[in-house]
Amino acid sequence: MHYVNEILPSLISGTGMTLSIFFWTIVVSIPLGILVGLGMMTKFKPLTWVINFYVWVMRGTPLLLQLIFVFYGLPTLGTGIVFPRYEAALVAFILNYTAYFAEIFRGGLQAIPEGQYESARVLRLTNWQTLRKIVIPQVIKIVLPSIGNEVINLVKDSSLVYVIGLGDLLRAGNVAMARDVTLVPLVLVGIIYLLLTAVCTVALRRLEKRFSFWR
């Protein structure tokens, strides 16, 4: 117990970094994902080609590689773009998860029957009223399970920031394990990750129930 109390502060500090990456990625990438998803459905072909290429690259290459490219690769290309470690991690995560969320929202928008848009026009609803009262609630219900999967993945993917030297939860556990030659830090890291994913799972299930009235 005494040993646990000794390493707990470093694990809590690492958890703070993990939660920071998680929070800002969610806050920024979901709205961007909606915009990019709408852009994928536009009839302006050059824009859809650019967006589809971006989504293809982000989904087709590992997030770890994208992290390395943003932090180590961009400066070596002579672009003059140099990100600090934390900002590099946020940029890579946001770009990656925006692409995944864009595909999810595109699928949700395409699942809405065309007849509902026609009914809204018959009722003389404006485009904003149609989106707010008819489309958005149904899209949220449709995409919530997929969004939930990505949220859980993000909790675990945040451990990848160790590759650019950020002191996240997993890095703190690895340092303690290497220093003290014991598996206790990694067991604690696993427990913390399980708690984080459990909180996310409960929150998402409650959110799904809130939208369960849409059939």
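Values reported hereafter were calculated over all heavy atoms of this structure, with side chains retained and with hydrogens, waters and symmetry mates removed. These numbers were taken from a predicted model, which means no experiment stands behind them.
- Between Ser159 and Tyr193, the shortest heavy-atom contact is CB-OH, 3.3 Å.
- Side-chain contact between Leu77 and Phe69: present, with at least one pair of heavy atoms (C-beta onward) separated by less than 4.5 Å.
- A continuous path of Ile, Leu, Val, Met, Phe, Trp and Tyr side chains, each step under 4.5 Å between heavy atoms, connects Phe23 with Val161, placing both in one hydrophobic cluster.
- Here the CD1 atom belonging to Ile68 is positioned 9.5 Å from the CG atom belonging to Leu160, to the nearest 0.5 angstrom.
- Under the 3.5 Å distance criterion, the side-chain polar atoms of Tyr54 are left unmatched by any main-chain donor or acceptor of Val36.
- Side chain of Asn96 to backbone of Ala92: no donor-acceptor contact under 3.5 angstrom is found.
- Note that CD1 of Ile30 and CD1 of Ile26 are 4.5 Å apart. Values are rounded to the nearest 0.5 Å.
- Both Met41 and Ile34 sit in one connected hydrophobic cluster of ILVMFWY residues. Membership requires side-chain heavy atoms under 4.5 Å apart, directly or through other members.
- A donor-acceptor pair under 3.5 Å links the side-chain atoms of Ser158 to the main chain of Val155, judged by distance alone.
- Pairs engaging residues 35-55 under the salt bridge (Lys or Arg N to Asp or Glu O under 4.0 Å) rule: none recorded [sequence neighbours left out].
- Linking ILVMFWY residues whenever their side-chain heavy atoms come closer than 4.5 Å, directly or via other members, leaves Leu194 and Val199 in distinct clusters.
- Connection of Phe105 to Val50 is not established within any shared hydrophobic cluster, with ILVMFWY side chains joined at heavy-atom distances below 4.5 Å, either directly or through further cluster members.
- You'll find the side chain of Val82 stays beyond 4.5 Å of the side chain of Leu74, heavy atoms only.
- For the 3.5 Å distance criterion, the side chains of Ser146 and Tyr100 fail to qualify, holding no donor opposite an acceptor.
- Gly108 and Val143 get closest at one heavy-atom pair: CA-CG1, 3.8 Å.
- To the nearest 0.5 Å, atoms OH (Tyr86) and CZ (Phe71) are separated by 15.0 Å.
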Using the rule given for side chain to side chain contact (heavy atoms under 4.5 Å, CB included), can you reason through Phe22 versus Val27, listing the C-alpha separation, both sets of side-chain angles and the distance that settles it, and then say yes or no?
CA-CA 9 Å; Phe22 171 84; Val27 166; over 6 Å; no
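- Residues that satisfy the salt bridge (charged side-chain N to carboxylate O under 4.0 Å, His left out) test with Glu103, not counting sequence neighbours, are Arg59, Arg106.
- Residues Gly33 and Phe101 approach most closely at CA-CB, 4.1 Å, considering heavy atoms.
- For Thr42 (side chain) and Leu38 (main-chain N/O), no donor-acceptor pair under 3.5 Å exists by modelled atom type.
- Of all heavy-atom pairs spanning Thr48 and Gly39, the tightest one is CG2-O, 3.5 Å.
- Residue Leu154 holds its CG atom at 11.0 Å from CG of Leu196, rounded to the nearest 0.5 Å.
- Put simply, CG on Leu95 and CD on Gln66 are 7.5 Å apart, with the number rounded to the nearest 0.5 Å.
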Show your working on side chain to side chain contact (heavy atoms under 4.5 Å, CB included) between Ile142 and Ile112 and close with a plain yes or no.
CA-CA 9 Å; Ile142 292 168; Ile112 305 299; 4.0 Å; yes
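- Side-chain heavy atoms closer than 4.5 Å link hydrophobic residues (I, L, V, M, F, W, Y) into clusters, and following such links, possibly through other members, connects Leu47 to Met58.
- To the nearest 0.5 Å, the span separating CD on Glu150 from CG on Leu204 amounts to 11.5 Å.
- Minimum interatomic distance between Ala88 and Leu67 (heavy atoms only, all atoms of both residues): O-CD2, 4.4 Å.
- Nearest heavy-atom pair, Tyr97 versus Thr25, reported as atom, atom and distance to 0.1 Å: CB-CG2, 4.1 Å.
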